[in-house]
Student: 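One structure, pasted below without further comment.
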Protein chains: 2
Amino acid sequence: MTDTQHKTKTRILKAASELFLKGGVAALSVRAIAKRAGMSTINIYSHFQGKQGILDTLYIEGFEKVSAAMDIDMTRHSPREAIVLGMKHYLDIAEQYNAHYRLIFGEADPSYTPSPDARQAGIAAFERLVTLTSSFLPKDASRTRKQEFALTLWATLHGFVRLHGNAVSELVDISNWRQMTLEAAIRQIDAAQAEG
Amino acid sequence: MTDTQHKTKTRILKAASELFLKGGVAALSVRAIAKRAGMSTINIYSHFQGKQGILDTLYIEGFEKVSAAMDIDMTRHSPREAIVLGMKHYLDIAEQYNAHYRLIFGEADPSYTPSPDARQAGIAAFERLVTLTSSFLPKDASRTRKQEFALTLWATLHGFVRLHGNAVSELVDISNWRQMTLEAAIRQIDAAQAEG
DNA sequence: GGCTGTATATAACACTGTTATATTTTGTCA
DNA sequence: TGACAAAATATAACAGTGTTATATACAGCC
């Protein structure tokens with residue numbers, strides 16, 4: 001890729017990100033992106049693979065942020081502390097990058113399907129979570145057990161994050177959603193500990 | 001509403017439901033609905049409020065199915081058994097009416113926002129869940145406590161349902177997703193019981 | 001039978017994603 | 001340095017979308 005090609009890609013991605021962070025997927029038309037990037041729509045197709053390529057790039061970005069949330073210094077924290085810290089980072093990401101978060105959980109164009117590369121990013125984020133959480137389990141825990149544990153924590157966190165975006169959260173006088181989320185996840189950790 | 005008006009509404013809704021159950025929101029264009037109903041698109045606007053009205057109707061249907069899942073005969077089951085049965089029904093609904101389920105959790109047109117009536121249906125479903133689950137708590141449990149408990153169970157179930165639709169579920173060799181989901185929710189019930 | 005109101009059909013609008021065609025720019029070679 | 005080819009980019013057009021303006025058909029009432 002030449003330097004000018006790289007420059008054009010960067011301009012397009014910058015324009016797409018700005019529109020996306022401000023207005024979510026609804027703000028992401030190829031005409032709006034091209035206009036903001038100061039070029040014509042054909043560039044979205046020659047530098048990315050059209051709308052699909054833009055969404056894939058943002059989807060991967062979303063999962064990269066989720067993966068980064070799991071990067072905890074294990075030398076400075078106990079396994080349990082590391083997991084709790086990772087979960088706090090996850091909730092931070094879900095809030096600060098809500099547009100990305102909604103995209104990775106399917107709240108985008110109904111015709112969008114993540115590409116193999118994009119799906120791989122999701123798998124990598126999950127593997128990262130398995131690594132973080134399995135340090136808490138017994139050394140001889142099976143691969144399946146580790147994956148189930150990681151899944152349980154992720155499901156718990158995501159469930160609360162998503163319901164927070166629902167009408168239900170207005171009805172419920174819960175002023176500390178974040179604490180409730182972490183407590184529910186910690187109950188799963190405690191249950192795993194009690195189990196051996 | 002006259003009888004012929006009612007007939008036209010029914011034809012439109014039947015056509016929309018058939019397309020929706022088969023192809024989800026992506027299959028729901030006003031032209032496709034009108035064609036399948038054997039009429040022109042203007043009827044979508046005069047009998048419903050256009051695309052918004054169609055999505056609102058299906059959204060409400062989705063939450064009505066979720067509410068129906070919580071209808072458990074409390075005279076034939078202990079509180080705990082009733083909750084577990086309600087959760088099983090919920091997972092059934094999520095699977096059998098996946099298109100409705102995705103719609104109520106935002107996986108639709110990015111420009112769609114549920115109307116006040118539609119949001120009310122979500123609130124009613126949640127109230128139904130609070131009623132079901134609060135029978136398990138101590139009689140003097142606060143309103144907030146009851147809502148938190150109901151939310152915890154719902155978040156746990158939804159988290160697993162949503163992650164099952166992700167690439168992660170292909171990576172993870174989990175042949176019994178449903179059991180894992182129920183066990184995670186039961187841990188939350190057990191923790192509530194242990195707490196008093 | 002005529003008139004009014006309602007229901008429905010048709011045509012048109014503006015926006016969308018995408019591509020065919022045209023134009024401009026860049027790089028290479030003699 | 002000019003010519004040529006390739007690449008990059010711009011423009012125009014296509015088909016589909018949601019929505020509405022206008023036209024037509026139908027129903028009800030006097």
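These values consider heavy atoms only, across backbone and side chains, with no hydrogens, waters or symmetry-generated copies. Below, read A as the first sequence line, B as the second, and so on, with proteins coming before strands; counting in each chain starts at 1.
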Student: Take atom CD of B:Q49 and atom C1' of D:dT20, then tell me their distance rounded to the nearest Å.
Tutor: 15 Å
Student: Go through it in stages, so that I can follow the logic: the residues are B:F105 and B:V161, the test is side-chain contact (heavy atoms from CB on, under 4.5 Å), and I'd like the CA-CA distance, side-chain angles, deciding distance and then a yes or no.
Tutor: CA-CA 11 Å; B:F105 279 101; B:V161 169; over 6 Å; no
Student: Could you label the plane-to-plane angle of the A:Y90 and A:Y101 rings as parallel, tilted or perpendicular, counting under 30° as parallel and over 60° as perpendicular?
Tutor: perpendicular
Student: Distance check: side-chain N/O of A:H47 vs OP1/OP2 of D:dT9, anything under 4.0 Å?
Tutor: yes
Student: To the nearest Å, how far apart are B:M39 CE and D:dT24 P?
Tutor: 22 Å
Student: Applying side-chain contact (heavy atoms from CB on, under 4.5 Å), run through A:M87 and A:T181 and close with a yes or a no.
Tutor: CA-CA 9 Å; A:M87 297 194 300; A:T181 305; over 6 Å; no
Student: For the side chain of A:R31 and the base of C:dG17, is some donor closer than 3.5 Å to an acceptor across the two?
Tutor: yes
Student: From the set C:dT8, C:dG17, D:dG18, return the single nucleotide nearest to any side-chain atom of B:S29.
Tutor: D:dG18
Student: Output the rounded distance in Å from CD (A:Q5) to P (C:dT25).
Tutor: 17 Å
Student: If I take atom NZ in residue A:K9 and atom P in nucleotide D:dT9, what distance separates them, rounded to the nearest angstrom?
Tutor: 12 Å
Student: Find the distance A:I12:CD1 to D:dA10:C1' and express it as a whole number of Å.
Tutor: 13 Å
Student: Which comes earlier along DNA chain C counting from the 5' end, the contact point of A:Q52 or that of B:G38, where each point is its nearest nucleotide?
Tutor: B:G38
Student: A:L55 has an atom CG; how far is it from atom C1' of C:dT18, in whole Å?
Tutor: 15 Å
Student: With distance as the sole test, does B:Q5 use its side chain to make a donor-acceptor pair with the main-chain N or O of B:H47 at under 3.5 Å?
Tutor: no
Student: Tell me: CD1 of A:I44 to C1' of D:dT11, nearest whole Å?
Tutor: 15 Å
Student: Let's see if you can work this out: which of D:dT20, C:dT19, D:dT9 has an atom nearest to the side-chain heavy atoms of B:T41?
Tutor: D:dT20
Student: Once you apply a heavy-atom cut-off of 4.0 Å, does A:I33 come out as touching a base, just sugar-phosphate, or nothing?
Tutor: nothing
Student: Find out whether the Lys NZ or Arg CZ of B:K9 is both under 6.0 angstrom from the six-membered ring centre of B:F48 and within 45° of the ring's axis.
Tutor: yes
Student: Taking OP1 and OP2 of D:dA8, is either one under 4.0 Å from a side-chain nitrogen or oxygen of A:N43?
Tutor: no
Student: By nearest atom, which of the nucleotides D:dA8, C:dT8, C:dA7 is closest to the B:I42 side chain?
Tutor: C:dT8
Student: Specify the separation, in whole Å, of atom CG of A:L28 and atom C1' of C:dC15.
Tutor: 15 Å
Student: Heavy atoms from C-beta onward define the side chain here; which of C:dT18, C:dT8, D:dT19 lies closest to that of A:Y45?
Tutor: C:dT18
